[in-house]
Amino acid sequence: MNQPPQTNTNRSTISLVNSREEIDRAENDVLEALDRARYDEASKFAVRLALEEAIMNAFRHGHKSLPPTEPVRLVYSVSPGEAVIEIEDRGPGFKPEGVPDCTLDQNLELPSGRGIMLMRAFMTSVSYLDRGNRVVMVYRKPDPAEPVGAPTA
Amino acid sequence: MAGSSRLKVSKRDGGVIQVEFIDRNILDEANIQQIGEEIGSLVEAEGKPRLLISFANVDHLSSAALGTLITVNNKVRNKTGQLRLCNIDPQIYQVFVITKLNKLFEIHDTTDKAVASFR
């Protein structure tokens, strides 16, 4: 069972285990916060995609050798200008630079390894901290005065 | 296979098998595995599969779903079949562009264009 988000100033913390129901609920909490701060549909698509990939990476890779009851910690804050999302797992960590580049012709047919690439493409910044078991992602709301374009790879 | 089908399957002219997804969000790992198995069975049942996958109802998909599509593509190719994708939402199409999978898959705007593209 994930707990209701604990709010400290404008930061909310959710501890969640690997269950689709809990992950959906946590994603909906973040999407509702984006709604309240008037983020548009494209922004919500971007944040949801990156959040999904980060959570699934934490469980699939970070917690590969841990019991499924082991929780991942999600911390998020949403202001009118930017959303900051942090996912921390309890695994051994990894080196993101060791993940093969799936956009190279020779790697195009690898069935995995695209999650981090998508996170980086859709978010403004993605940083792996500590031993690689904590990722901090920032999404800056596009300035309405600027033309809205597709994210760049 | 556990549970009910996650696909809507229909036959089109020219022996084309059209597959659509029941789920709007293709995120759940168990569902993605089931989708892979169901489409894999459809491919196995054909001599030279002509497979059309429509994303008309899909709002979100994960990188794990992309991995399953790549596996399906390999199965189709191993049987010298043909695979087409169509009706992909513009935001999801960006996912294919970013990952350069738009180079691996033949993608069409509409079902009719995709059906007409089979050789």
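This structure is a prediction, so every number in the text was calculated from the model and none was measured.
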Please tell me whether [X] and [Y] are part of a single hydrophobic cluster in this structure, the criterion being side-chain heavy atoms less than 4.5 Å apart.
X	Y	answer
B/L7	B/F55	yes
B/L51	B/V9	yes
A/V75	A/I85	no
A/I55	A/M137	yes
A/F59	A/V99	yes

Handout entry: Set of residues satisfying salt bridge (Lys or Arg N to Asp or Glu O under 4.0 Å) with respect to B/R50, sequence neighbours excluded
Key =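 Listed in chain order: nothing, the list is empty.
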Beyond-backbone contact of [X] with [Y], side-chain heavy atoms, under 4.5 angstrom:
X	Y	answer
B/L27	A/R48	yes
B/E29	A/N18	no
A/L49	B/Q91	no
B/R77	A/E109	yes

Looking at every non-hydrogen atom in both residues, tell me the closest pair between [X] and [Y] and how far apart they are.
X	Y	answer
B/K100	A/L108	O-CD1, 3.7 Å
A/P111	B/I70	CA-CD1, 4.4 Å
A/F45	B/D59	CE1-O, 3.4 Å
A/E52	B/S62	CG-CB, 4.5 Å

Practice task
Select one option (side chain, backbone, both, neither) describing which atoms of A/S112 are under 4.5 Å from chain B's heavy atoms.
Solution key: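 Contact with chain B: none, neither part.
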Problem - Contacting region of A/D101 [heavy-atom separation from chain B under 4.5 Å] - result: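 Answer is neither: A/D101 stays 4.5 Å or more from chain B.
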Handout entry: Contacting moiety of B/N31, where chain A heavy atoms sit under 4.5 Å
Key =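 The answer is neither part of B/N31.
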Practice task
Sort B/I92 into side chain, backbone, both or neither according to what part of it lies under 4.5 angstrom from a heavy atom of chain A.
Solution key: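 Its backbone and side chain both get close to chain A.
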Practice task
Could you note down all residue pairs passing ring-ring contact (aromatic ring centres under 6.0 Å, His included) where residues 75-119 of chain B supplies at least one of them, sequence neighbours left out?
Solution key: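 Residue pairs passing ring-ring contact (aromatic ring centres under 6.0 Å, His included), neighbours aside: none found.
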Practice task
With rounding to the nearest 0.5 Å, note down the distance linking CG in B/D28 to CD1 in A/I23.
Solution key: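 Going from the CG atom of B/D28 to the CD1 atom of A/I23 covers 8.5 Å.
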Handout entry: Worked verdict on A/D105 versus B/K103 for side-chain contact (heavy atoms from CB on, under 4.5 Å)
Key = CA-CA 10 Å; A/D105 283 347; B/K103 295 201 300 186; 3.4 Å; yes
Problem - Interface residue of largest heavy-atom contact number with chain B, from A/M117, A/E53, A/M56, under 4.5 Å - result: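 Greatest number of close heavy-atom pairs with chain B: A/E53.
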Handout entry: Option in B/L66, B/T71, B/L61, B/N25 with maximal non-hydrogen atom pairs under 4.5 Å from chain A
Key =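 Of B/L66, B/T71, B/L61, B/N25, B/N25 has the most heavy-atom pairs under 4.5 Å with chain A.
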Exercise for the section: Flag yes if more than 12 heavy atoms outside A/D130 fall under 6.0 Å of its CG atom; otherwise flag no. Expected result: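 More than 12 heavy atoms, drawn from other residues, nucleotides or ligands, come within 6.0 Å of this atom.
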